[in-house]
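Reading through the C-alpha coordinates given below for one structure.
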Amino acid sequence: MPELPEVETVRRGLLKIAKGRKILSIDVHYEKTITNDVNWFKEQLVGQTITDVNRRGKYLLFRFSNKMTMVSHLRMEGKYYNLPEDGEIHKHTHVVFHLNDDTKLCYSDTRKFGRMTLTETGKELQVAGLKTIGPEPTEENLKTDYLKDIMSKSKREIKPFLLDQSNVAGLGNIYVDEVLWMTKIHPKEHVNLVPAEKIEDLRNNIINELAVATQHHGTTVHSYTNAFGNAGEFQNHLHAYGNVDKPCERCGTTMKKIKVAQRGTTFCPHCQVLTNESD
DNA sequence: CGTTTTTCCTGGCAGC
DNA sequence: TGCTGCCAGGAAAAAC
(Lines give C-alpha, C1' and ligand atoms only; values in the text may rest on other atoms or scores of the structure.)
Protein backbone atom coordinates (compact mmCIF):
# COMPACT_ATOMS: atom_id res chain seq x y z
CA MET A 1 0.00 0.00 0.00
CA PRO A 2 1.86 3.02 -1.22
CA GLU A 3 2.47 5.78 1.31
CA LEU A 4 4.59 8.88 0.81
CA PRO A 5 8.00 7.13 0.38
CA GLU A 6 6.56 4.69 -2.15
CA VAL A 7 4.68 7.38 -4.08
CA GLU A 8 7.83 9.51 -4.19
CA THR A 9 9.73 6.51 -5.56
CA VAL A 10 7.05 6.05 -8.22
CA ARG A 11 7.29 9.75 -9.09
CA ARG A 12 11.04 9.49 -9.67
CA GLY A 13 10.52 6.44 -11.87
CA LEU A 14 7.87 8.24 -13.88
CA LEU A 15 10.19 11.18 -14.53
CA LYS A 16 12.66 8.80 -16.16
CA ILE A 17 10.22 7.08 -18.49
CA ALA A 18 7.49 9.62 -19.12
CA LYS A 19 8.82 13.17 -18.80
CA GLY A 20 9.14 14.89 -22.14
CA ARG A 21 7.10 12.22 -23.94
CA LYS A 22 4.04 13.06 -25.97
CA ILE A 23 0.76 11.16 -25.64
CA LEU A 24 -0.39 9.73 -28.96
CA SER A 25 -3.54 7.99 -27.73
CA ILE A 26 -5.14 6.62 -24.58
CA ASP A 27 -6.98 3.36 -23.90
CA VAL A 28 -9.33 3.21 -20.93
CA HIS A 29 -10.40 -0.32 -19.94
CA TYR A 30 -12.11 0.54 -16.66
CA GLU A 31 -13.91 3.87 -16.80
CA LYS A 32 -14.31 4.43 -13.07
CA THR A 33 -10.56 4.95 -12.75
CA ILE A 34 -11.11 8.29 -14.52
CA THR A 35 -13.38 10.58 -12.50
CA ASN A 36 -13.85 12.94 -15.45
CA ASP A 37 -15.88 12.24 -18.56
CA VAL A 38 -13.62 9.72 -20.31
CA ASN A 39 -13.97 11.21 -23.79
CA TRP A 40 -13.19 14.70 -22.50
CA PHE A 41 -10.18 13.27 -20.61
CA LYS A 42 -8.81 11.75 -23.82
CA GLU A 43 -9.51 14.84 -25.92
CA GLN A 44 -7.61 17.03 -23.50
CA LEU A 45 -4.53 14.82 -23.26
CA VAL A 46 -3.98 13.35 -26.70
CA GLY A 47 -1.23 15.35 -28.42
CA GLN A 48 0.05 16.80 -25.15
CA THR A 49 3.52 16.37 -23.67
CA ILE A 50 4.15 15.29 -20.07
CA THR A 51 6.26 18.20 -18.84
CA ASP A 52 6.75 17.13 -15.22
CA VAL A 53 5.50 14.88 -12.45
CA ASN A 54 5.12 16.37 -8.97
CA ARG A 55 3.74 15.01 -5.71
CA ARG A 56 1.68 16.29 -2.82
CA GLY A 57 1.25 13.81 0.04
CA LYS A 58 0.31 10.54 -1.63
CA TYR A 59 -1.04 12.28 -4.74
CA LEU A 60 0.89 12.30 -8.02
CA LEU A 61 0.52 15.42 -10.16
CA PHE A 62 1.20 14.90 -13.87
CA ARG A 63 1.79 18.22 -15.63
CA PHE A 64 0.95 18.62 -19.30
CA SER A 65 1.97 21.10 -21.96
CA ASN A 66 -1.58 22.45 -22.27
CA LYS A 67 -1.58 23.67 -18.65
CA MET A 68 -3.59 20.73 -17.42
CA THR A 69 -2.74 18.58 -14.39
CA MET A 70 -3.72 14.96 -13.82
CA VAL A 71 -4.12 14.11 -10.15
CA SER A 72 -3.43 10.38 -9.68
CA HIS A 73 -3.90 8.49 -6.43
CA LEU A 74 -2.73 4.87 -6.28
CA ARG A 75 -4.78 3.98 -3.19
CA MET A 76 -4.11 0.34 -2.30
CA GLU A 77 -2.58 -1.33 -5.31
CA GLY A 78 -2.34 1.14 -8.15
CA LYS A 79 0.91 1.02 -10.07
CA TYR A 80 2.49 2.40 -13.22
CA TYR A 81 4.72 0.38 -15.49
CA ASN A 82 6.08 0.80 -18.97
CA LEU A 83 6.21 -1.53 -21.94
CA PRO A 84 7.39 -1.41 -25.51
CA GLU A 85 4.50 -0.43 -27.78
CA ASP A 86 4.07 -4.05 -28.90
CA GLY A 87 4.26 -5.49 -25.37
CA GLU A 88 1.34 -7.34 -23.84
CA ILE A 89 -0.35 -5.48 -20.99
CA HIS A 90 -0.77 -7.20 -17.64
CA LYS A 91 -4.06 -8.24 -16.11
CA HIS A 92 -5.87 -5.43 -14.24
CA THR A 93 -4.43 -2.74 -16.50
CA HIS A 94 -7.12 -0.07 -16.66
CA VAL A 95 -5.46 2.83 -18.49
CA VAL A 96 -2.78 2.85 -21.21
CA PHE A 97 -1.03 6.00 -22.44
CA HIS A 98 0.64 5.40 -25.81
CA LEU A 99 3.77 7.57 -25.99
CA ASN A 100 5.79 8.91 -28.91
CA ASP A 101 8.93 6.90 -28.13
CA ASP A 102 7.41 3.54 -29.09
CA THR A 103 6.50 2.73 -25.48
CA LYS A 104 3.32 2.81 -23.49
CA LEU A 105 2.75 3.93 -19.91
CA CYS A 106 0.32 1.52 -18.25
CA TYR A 107 -1.68 1.85 -15.07
CA SER A 108 -2.82 -1.32 -13.31
CA ASP A 109 -4.80 -1.63 -10.12
CA THR A 110 -6.05 -4.98 -8.84
CA ARG A 111 -8.63 -3.62 -6.46
CA LYS A 112 -9.69 -0.74 -8.70
CA PHE A 113 -9.53 1.81 -5.90
CA GLY A 114 -7.11 4.23 -7.57
CA ARG A 115 -8.42 7.34 -9.33
CA MET A 116 -7.22 9.88 -11.90
CA THR A 117 -8.70 13.35 -12.15
CA LEU A 118 -7.80 15.87 -14.83
CA THR A 119 -8.04 19.53 -13.97
CA GLU A 120 -6.60 22.89 -14.97
CA THR A 121 -3.13 23.46 -13.52
CA GLY A 122 -3.61 25.81 -10.59
CA LYS A 123 -6.99 24.34 -9.78
CA GLU A 124 -5.72 20.94 -8.65
CA LEU A 125 -6.10 21.99 -5.01
CA GLN A 126 -9.85 21.98 -5.58
CA VAL A 127 -9.81 18.25 -6.32
CA ALA A 128 -11.31 16.10 -3.56
CA GLY A 129 -8.60 15.09 -1.12
CA LEU A 130 -6.18 17.88 -2.07
CA LYS A 131 -8.74 20.45 -0.98
CA THR A 132 -8.31 19.54 2.67
CA ILE A 133 -4.81 18.04 2.69
CA GLY A 134 -2.56 18.82 5.66
CA PRO A 135 1.10 19.94 5.61
CA GLU A 136 3.86 17.89 4.00
CA PRO A 137 5.87 15.99 6.63
CA THR A 138 9.03 18.05 6.26
CA GLU A 139 11.07 20.37 8.50
CA GLU A 140 9.73 23.45 6.73
CA ASN A 141 6.10 22.47 6.53
CA LEU A 142 5.26 20.42 9.61
CA LYS A 143 5.69 22.65 12.64
CA THR A 144 5.56 21.41 16.22
CA ASP A 145 3.25 24.26 17.25
CA TYR A 146 0.79 23.31 14.53
CA LEU A 147 0.72 19.69 15.72
CA LYS A 148 0.33 20.77 19.36
CA ASP A 149 -2.55 23.03 18.36
CA ILE A 150 -4.58 20.52 16.35
CA MET A 151 -3.86 17.73 18.85
CA SER A 152 -5.16 19.82 21.73
CA LYS A 153 -8.44 20.30 19.88
CA SER A 154 -9.23 16.65 19.13
CA LYS A 155 -10.16 13.70 21.28
CA ARG A 156 -9.70 11.09 18.56
CA GLU A 157 -7.46 8.10 18.92
CA ILE A 158 -4.02 8.93 17.58
CA LYS A 159 -3.89 6.22 14.93
CA PRO A 160 -6.93 7.38 12.91
CA PHE A 161 -5.85 10.96 13.61
CA LEU A 162 -2.48 10.40 11.90
CA LEU A 163 -4.06 8.43 9.06
CA ASP A 164 -6.31 11.43 8.36
CA GLN A 165 -4.54 13.22 5.51
CA SER A 166 -6.08 16.54 6.50
CA ASN A 167 -3.94 16.57 9.65
CA VAL A 168 -0.60 15.47 8.15
CA ALA A 169 -0.06 14.39 4.54
CA GLY A 170 1.65 11.16 3.56
CA LEU A 171 1.30 8.70 6.42
CA GLY A 172 -0.43 5.34 5.96
CA ASN A 173 -0.89 2.21 8.01
CA ILE A 174 2.74 1.07 7.94
CA TYR A 175 4.45 4.32 8.89
CA VAL A 176 1.86 5.28 11.51
CA ASP A 177 2.61 2.02 13.37
CA GLU A 178 6.34 2.79 13.03
CA VAL A 179 6.26 6.36 14.33
CA LEU A 180 3.97 5.43 17.23
CA TRP A 181 6.35 2.63 18.22
CA MET A 182 9.33 4.99 18.00
CA THR A 183 7.62 7.68 20.02
CA LYS A 184 6.23 5.15 22.52
CA ILE A 185 2.59 6.15 22.09
CA HIS A 186 -0.28 3.66 22.30
CA PRO A 187 -2.22 3.66 19.01
CA LYS A 188 -5.48 4.20 20.91
CA GLU A 189 -4.16 7.12 22.93
CA HIS A 190 -6.42 10.14 22.68
CA VAL A 191 -4.46 12.92 20.98
CA ASN A 192 -5.35 15.62 23.52
CA LEU A 193 -3.69 13.49 26.23
CA VAL A 194 -0.30 13.24 24.51
CA PRO A 195 2.23 15.34 26.46
CA ALA A 196 3.94 18.26 24.70
CA GLU A 197 7.43 16.73 24.69
CA LYS A 198 6.10 13.61 22.99
CA ILE A 199 4.42 15.73 20.33
CA GLU A 200 7.77 17.27 19.45
CA ASP A 201 9.28 13.77 19.36
CA LEU A 202 6.43 12.50 17.23
CA ARG A 203 6.85 15.34 14.76
CA ASN A 204 10.59 14.66 14.42
CA ASN A 205 10.03 10.93 14.04
CA ILE A 206 7.41 11.43 11.30
CA ILE A 207 9.72 13.68 9.31
CA ASN A 208 12.78 11.48 9.79
CA GLU A 209 11.09 8.13 9.21
CA LEU A 210 9.50 9.18 5.92
CA ALA A 211 12.74 10.75 4.71
CA VAL A 212 14.81 7.65 5.53
CA ALA A 213 12.20 5.32 4.02
CA THR A 214 12.28 7.44 0.85
CA GLN A 215 16.08 7.07 0.73
CA HIS A 216 15.49 3.31 0.79
CA HIS A 217 12.97 3.63 -2.07
CA GLY A 218 10.09 2.76 0.24
CA THR A 219 8.72 -0.49 1.56
CA THR A 220 7.86 -3.46 -0.62
CA VAL A 221 5.04 -5.45 0.95
CA HIS A 222 4.06 -7.59 -2.02
CA SER A 223 6.47 -8.27 -4.82
CA TYR A 224 5.43 -6.98 -8.19
CA THR A 225 7.26 -7.11 -11.47
CA ASN A 226 7.72 -4.30 -13.93
CA ALA A 227 6.17 -1.75 -11.62
CA PHE A 228 7.76 1.30 -10.08
CA GLY A 229 7.96 1.55 -6.35
CA ASN A 230 8.80 -2.12 -5.94
CA ALA A 231 12.52 -1.57 -5.60
CA GLY A 232 12.25 -0.57 -1.96
CA GLU A 233 13.84 -2.55 0.82
CA PHE A 234 12.73 -0.50 3.80
CA GLN A 235 10.64 -3.49 5.00
CA ASN A 236 13.97 -4.68 6.45
CA HIS A 237 14.02 -1.62 8.71
CA LEU A 238 10.49 -1.81 10.15
CA HIS A 239 10.15 -2.16 13.93
CA ALA A 240 6.40 -2.54 14.36
CA TYR A 241 4.49 -3.24 11.16
CA GLY A 242 4.59 -6.95 10.35
CA ASN A 243 6.35 -7.75 13.64
CA VAL A 244 3.38 -9.30 15.46
CA ASP A 245 4.41 -12.08 17.88
CA LYS A 246 8.07 -11.07 17.55
CA PRO A 247 9.97 -9.55 20.48
CA CYS A 248 9.98 -5.76 20.69
CA GLU A 249 13.40 -4.58 19.48
CA ARG A 250 13.61 -2.27 22.51
CA CYS A 251 12.33 -4.29 25.45
CA GLY A 252 11.79 -7.84 24.24
CA THR A 253 8.08 -7.93 25.03
CA THR A 254 6.00 -9.84 22.46
CA MET A 255 4.49 -7.42 19.93
CA LYS A 256 0.69 -7.45 19.78
CA LYS A 257 -1.73 -6.93 16.92
CA ILE A 258 -5.08 -5.25 17.51
CA LYS A 259 -7.72 -3.39 15.51
CA VAL A 260 -7.78 0.36 15.81
CA ALA A 261 -10.39 2.20 13.76
CA GLN A 262 -10.82 -0.88 11.53
CA ARG A 263 -7.08 -1.03 10.80
CA GLY A 264 -4.69 -3.82 11.69
CA THR A 265 -2.26 -2.29 14.19
CA THR A 266 0.95 -3.74 15.62
CA PHE A 267 2.47 -2.27 18.78
CA CYS A 268 4.48 -3.09 21.89
CA PRO A 269 2.17 -3.46 24.92
CA HIS A 270 5.06 -2.63 27.26
CA CYS A 271 6.57 0.44 25.54
CA GLN A 272 3.30 1.89 24.26
CA VAL A 273 0.90 2.36 27.15
CA LEU A 274 -2.31 4.36 27.44
CA THR A 275 -2.15 7.40 29.71
CA ASN A 276 -5.03 6.27 31.90
CA GLU A 277 -3.35 2.91 32.44
CA SER A 278 0.00 4.26 33.57
CA ASP A 279 -1.19 6.68 36.24
C1' DC B 1 -19.07 20.57 12.67
C1' DG B 2 -16.45 16.57 14.42
C1' DT B 3 -16.29 11.82 14.36
C1' DT B 4 -17.58 7.12 13.04
C1' DT B 5 -19.24 3.83 9.80
C1' DT B 6 -19.87 2.24 5.28
C1' DT B 7 -18.47 1.71 0.71
C1' DC B 8 -15.59 0.56 -3.09
C1' DC B 9 -12.82 -4.01 -5.10
C1' DT B 10 -10.20 -8.50 -5.82
C1' DG B 11 -7.02 -12.08 -4.50
C1' DG B 12 -5.71 -14.98 -1.00
C1' DC B 13 -6.56 -17.96 2.48
C1' DA B 14 -8.98 -20.55 6.38
C1' DG B 15 -12.41 -23.77 7.15
C1' DC B 16 -15.51 -27.24 5.85
C1' DT C 1 -11.28 -30.28 -4.87
C1' DG C 2 -14.37 -26.71 -4.70
C1' DC C 3 -17.17 -23.89 -2.34
C1' DT C 4 -18.28 -20.09 1.07
C1' DG C 5 -17.00 -16.44 3.88
C1' DC C 6 -13.89 -13.36 5.58
C1' DC C 7 -9.95 -10.25 5.50
C1' DA C 8 -6.71 -6.56 3.76
C1' DG C 9 -7.04 -1.22 3.51
C1' DG C 10 -7.01 4.76 1.65
C1' DA C 11 -10.10 7.91 1.47
C1' DA C 12 -14.74 9.55 -0.26
C1' DA C 13 -19.36 9.45 1.05
C1' DA C 14 -22.87 8.71 4.10
C1' DA C 15 -24.54 8.41 8.62
C1' DC C 16 -24.55 9.71 13.23
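A, B, ... follow the sequence lines: proteins, then strands. Residue 1 opens every chain.
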*Find which nucleotide of DNA chain B each of A:R75 and A:A261 is nearest to by heavy atoms, and output the residue with the more 5' nucleotide.*
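Nearest-nucleotide comparison on DNA chain B picks A:A261.
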*Do A:H90 and A:Y81 make the cut of ring centroids closer than 6.0 angstrom?*
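Ring centres of A:Y81 and A:H90 closer than 6.0 Å.
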*For the residue pair A:F97 and A:F62, is the inter-centroid distance of their aromatic rings smaller than 6.0 Å?*
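No, they do not, as the ring centres are separated by 6.0 Å or more.
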Kindly say if [X] contacts the phosphate of [N], meaning a side-chain N or O under 4.0 Å from OP1 or OP2.
X      : N      : result
A:K259 : C:dA8  : yes
A:H92  : B:dC9  : no
A:K91  : B:dT10 : no
A:R156 : B:dT4  : yes
A:S154 : B:dT3  : yes
A:K155 : B:dT3  : no

*asked:* Of the listed nucleotides (B:dC9, B:dT5, C:dA11), which one gets closest to any side-chain atom of A:K58?
replied: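 Within the option list, the nearest is C:dA11.
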What nucleic acid atoms does [X] come within less than 4.0 Å of, heavy atoms only: base, sugar-phosphate, or nothing?
X      : answer
A:E3   : nothing
A:Y59  : sugar-phosphate
A:K131 : nothing
A:G172 : nothing

*So which one's nearest nucleotide on DNA chain C is more toward 5', A:H73 or A:K257?*
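Between the two, 5'-proximity favours A:K257.
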Let me know the distance between [atom1] of [X] and [atom2] of [N], rounded to the nearest Å.
X      : N      : atom1 : atom2 : result
A:D164 : B:dC1  : CG    : P     : 16 Å
A:L163 : B:dT4  : CG    : P     : 13 Å
A:Q165 : C:dA12 : CD    : C1'   : 13 Å
A:M151 : B:dG2  : CE    : P     : 17 Å
A:K32  : B:dT7  : NZ    : C1'   : 10 Å
A:R115 : B:dC8  : CZ    : C1'   : 7 Å
A:N167 : C:dG10 : CG    : C1'   : 15 Å
A:E6   : C:dG10 : CD    : C1'   : 13 Å

*asked:* Is it the case that the base of C:dG10 and the side chain of A:R263 share a donor-acceptor contact (distance under 3.5 Å, atom types as modelled)?
replied: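 Checked by distance alone, the answer is yes.
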_Distance-only donor-acceptor test, A:R111 side-chain atoms vs C:dG9 base atoms, 3.5 Å_ =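 In this structure, the two groups form a donor-acceptor pair.
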*Does C:dG10 have A:F113 stacked on its base, where the ring centres are within less than 5.5 Å and the planes differ by under 30°?*
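A:F113 ring centre within cut-off of C:dG10 base, planes near parallel; stacks.
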*asked:* Quick one, A:Y241 with A:N243, criterion side-chain hydrogen bond (donor to acceptor under 3.5 Å, both in side chains). Give me CA distance, side-chain angles, the key distance, then yes/no.
replied: CA-CA 5 Å; A:Y241 185 89; A:N243 285 23; over 6 Å; no
*Identify whether the distance between the nearest side-chain nitrogen and carboxylate oxygen of A:D164 and A:R156 falls below 4.0 Å.*
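Answer for the salt bridge query: yes.
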_Could you check whether A:E8 pairs with A:R11 (Lys NZ or Arg NE/NH1/NH2 to Asp/Glu carboxylate O, under 4.0 Å)?_
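Between A:R11 and A:E8 there is a salt bridge, with a charged N closer than 4.0 Å to a carboxylate O.
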_Do A:T93 and A:Y30 pair up side chain to side chain, a donor and an acceptor below 3.5 Å, judged on atom types alone?_
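No, no side-chain donor-acceptor contact under 3.5 Å.
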